[in-house]
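Just so you know, these numbers come straight off a predicted model, no measurement behind them. Per chain, numbering begins at 1; letters A, B, ... match sequence-line order.
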2 protein chains.
Amino acid sequence: MSANSRLTIAAHALAWIGLYQRQGHEVATSEQIATSANTNPVVIRRLLGELRRAGLVESRRGVGAGWSLARELGTMTLLDVYEAVEPGPLFAMHRTTPDQGCVVGHGIQPAMRGIYQDIEETLRHELARVTLEKVLQDTLAAPHQPL
Amino acid sequence: MSANSRLTIAAHALAWIGLYQRQGHEVATSEQIATSANTNPVVIRRLLGELRRAGLVESRRGVGAGWSLARELGTMTLLDVYEAVEPGPLFAMHRTTPDQGCVVGHGIQPAMRGIYQDIEETLRHELARVTLEKVLQDTLAAPHQPL
DNA sequence: GCTGTCGTAACGATAATCGTTACGACCGAC
DNA sequence: GTCGGTCGTAACGATTATCGTTACGACAGC
């Protein structure tokens, strides 16, 4: 799978905003988050825009603008983030329709669809068990200066 | 994720070979499987080559050559296939190292690694519950001429 | 107005997958 | 021992997704 880092970066951004707000700040800018994640502010704005559409963050414009959480980190799960930033299904079907004249070609897609649905349901359940509060706590619990 | 169809095509090929052998044939050719999957024989040979390295199928060369199962479909699971054809992890870390001077940038990767490990472990467990025998049975159970 | 930030379009770089062509390696049949 | 069919694999282009970057208009507080 061509693994993509969208979920990771989105979680990073949410954890950063959450911690920043707990330090007393109103909003966080995409530039600050981009510095922490070592990427470009536009990448952050694009991702946070998707999180905003999902109701996880809010943005203010104008001078002193930036991003803030729309909900507490404890009420937000990786599933919320996953659904906001990952469009497609986990596994894809054939790119072209299999031979419908063949017994396997005819039945394989309904069969795999059912199997994949069950697996994705389990994945979603696991993602839903992890709150962004836990992500932040695990992040802060990382040892300093590991040898 | 770009979602990829490698797992789907590999399962299709295994189910096809399994059914073909139950009909009394010794080996299946990549051309036959490619016709059923509506793709190119080289795509099938590439995928089956990876399954051969994993010990799931065997191949014979020369005249009358082709592919056969190395194990019964009932002893083969989607996890075996997944590990054979999917290289990377489900979710990726940042493409560049986050800012180690930032608390979040420093701790986010160990945190997400731990979380992702748990999730992938659950995914593997789910994949291991589905045998290729079940894939074939579900495929054969698909209704004909659905309205 | 000025300034700083968002919002978003546009483009190129990169990488993975897939389809295709090509061709040597192999081996049973004859 | 040649022939024919299939594997094994390299090579290349097409397609797609993500990411990084530049650019610029929209917005709002000062």
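Note on R129(B) versus D118(A): no salt bridge recorded, every NZ/NE/NH1/NH2 to OD/OE distance being 4.0 Å or above. Using a 4.0 Å cut-off between charged side-chain N and carboxylate O, R22(B) and E133(B) make a salt bridge.
A heavy atom closer than 4.0 Å to some atom of DNA chain C occurs in no member of residues 25-33 of chain B.
Rounded to an integer number of Å, the gap from NE2 of H12(A) to P of dC19(D) is 14 Å. Spacing between atom CD1 of I44(B) and atom P of dT17(C) amounts to 15 Å, rounded to whole angstrom units. Distance CZ (R60(B)) to P (dG5(D)): 17 Å, rounded to an integer number of Å. The CG atom of L7(A) sits 13 Å away from the P atom of dT18(D) (whole-angstrom rounding).
Out of dC18(C), dC6(C), dC7(D), the shortest distance to the side chain of R95(A) is found at dC18(C). The side chain of R52(A) lies closest to dG7(C), out of dT17(C), dA10(D), dG7(C). Of the candidates dT20(C), dG7(C), dG20(D), the closest approach to any side-chain atom of N40(A) belongs to dG20(D).
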Reading nucleotides 23-30 of chain C from 5' to 3' and marking B where a protein heavy atom lies under 4.0 Å of the base, S where only the sugar-phosphate is that close, and - otherwise, the string is -BBBBB--

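Once rounded to the nearest 0.5 Å, the distance linking CD1 of I44(A) with CH2 of W67(A) reads 10.0 Å.
In this model, a donor atom of one side chain and an acceptor atom of the other lie less than 3.5 Å apart for T8(B) and Y116(A).
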